[in-house]
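What you see is a predicted model, and the numbers here were worked out from it, not measured in a lab.
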2 protein chains.
Amino acid sequence: MSTLKYSRQRESIKEYLNSSCEHPTADMVYMSVRQEFPNISLGTVYRNLNLLADLGEAIKITTPNGGDRFDGRTAPHYHFCCTKCGNVIDLDLKELTHVNEAANEHFDGIIESHSMMFYGTCSDCINNQ
Amino acid sequence: MSTLKYSRQRESIKEYLNSSCEHPTADMVYMSVRQEFPNISLGTVYRNLNLLADLGEAIKITTPNGGDRFDGRTAPHYHFCCTKCGNVIDLDLKELTHVNEAANEHFDGIIESHSMMFYGTCSDCINNQ
DNA sequence: TATAATTATAGTAATCATTATTATTATTAA
DNA sequence: TTAATAATAATAATGATTACTATAATTATA
């Protein structure tokens, strides 16, 4: 196994993830971090986002359209995805703690976690339409 | 607006979706329907799967790896996705009916639906490891 | 502190899933 | 039966992501 080595690029990516609340795509992270590191490569962004997700320092959010999104907020919470504009928004909804066990009752494998995504229209799209 | 025209290819795709319980990817549908229509195009498969989903005759399941999957069972239900092999399995868990309203309480837009995916290890991967 | 070892990067090519294009074919309406 | 039109097959194009490789940055060691 290889040991993790510091990199300023990864630090900048992590910082941006933690400061942003828009659940950016890899490309959005790329655009932002390029202000500090004009030569950073999109591959570097992807590699580090996935690394941070593996380390548990970020969450990868699978969406139906427009690529995965990333979230620096690692505490369990749920998301809303607007079917009009695709934006992802944090929800204030307490964690469903018993569903994993409930789902496991009639199931032959081992259930460890779940993710839930809510869909509809965000307030921006309601107002601007 | 254009009127829908019958096609034997679409009929075969629909039939396969309804007979299968493995939540096939577009490519799996393609492989199967090719036995009846050797010249069918992958584009035709994609177009019809999306069309069926739009018509409400199938459900598109977004997964973290390996492409979207399709389900001919349209009654609301939840899925499990194995983190080892990627297989998608139906769960016997009753629908969470109040979460949409609960999520909407502190939210500025309109929430219409949700999807939930459970993760863990399926029984095949537990046994074969 | 200099040097060696090793990981990370930039730049680029390749891959995978999906959608778009277009000439031809199948279905439906007149 | 013919005309209108939607669907298809074949292929090209796109978008998101990963793989490759020579160089640069970081860390360990002498």
Protein proximity profile, nucleotides 1-11 of chain D - base contact B, sugar-phosphate-only contact S, no contact -, cut-off 4.0 Å on heavy atoms: ----BSSBBB-
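Looking at residues 15-34 of chain B, you'll see that no heavy atom sits under 4.0 Å from any atom of DNA chain C.
The hydrophobic cluster containing A/L55, built from Ile/Leu/Val/Met/Phe/Trp/Tyr side-chain heavy atoms closer than 4.5 Å, also comprises A/L4, A/L51. Grouped with B/M28 in a hydrophobic cluster is no other residue, since no side-chain heavy-atom contact under 4.5 Å to another Ile, Leu, Val, Met, Phe, Trp or Tyr is found. Taking a 4.5 Å side-chain heavy-atom cut-off between Ile, Leu, Val, Met, Phe, Trp and Tyr, the cluster of A/Y6 contains only that residue.
Taken over five-pair windows at either terminus, the axes of the helix from C/dT1-D/dA30 to C/dA30-D/dT1 are inclined to one another by 30° (rounded to 10 degrees).
Take A/C21 and apply the side chain to side chain contact (heavy atoms under 4.5 Å, CB included) test, not counting sequence neighbours, and it matches no residue. Residues satisfying the side chain to side chain contact (heavy atoms under 4.5 Å, CB included) criterion with A/E15, sequence neighbours excluded, are absent altogether. Residues forming a side chain to side chain contact (heavy atoms under 4.5 Å, CB included) with B/K60 (at least two apart in sequence, or on another chain): B/N50, B/D68, B/F70.
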Identify each donor-acceptor pair in which a side-chain atom of residues 29-45 of chain A lies under 3.5 Å from a protein atom, sequence neighbours left out, and give them as a table.
from	atom 1	to	atom 2	distance (Å)
A/Y30	OH	A/R34	NH1	3.3
A/E36	OE1	A/S12	OG	2.9
A/S41	OG	A/G43	N	3.2
A/T44	OG1	A/R47	NH2	3.2

Under 3.5 Å donor-acceptor pairs involving side-chain atoms of residues 88-95 of chain B, not counting sequence neighbours:
from	atom 1	to	atom 2	distance (Å)
B/D90	OD1	B/H23	NE2	2.8
B/D90	OD1	B/H77	NE2	3.0
B/D90	OD1	B/H79	NE2	3.1
B/D90	OD2	B/R73	NH1	3.1

Which atom pairs, donor and acceptor, lie under 3.5 Å between side-chain atoms of residues 104-118 of chain B and protein residues at least two apart or in another chain?
from	atom 1	to	atom 2	distance (Å)
B/H114	ND1	B/N100	OD1	2.8
B/H114	NE2	B/Y78	OH	2.8

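Side-chain N/O atoms of B/N50 include one lying less than 4.0 angstrom from OP1 or OP2 on C/dT19.
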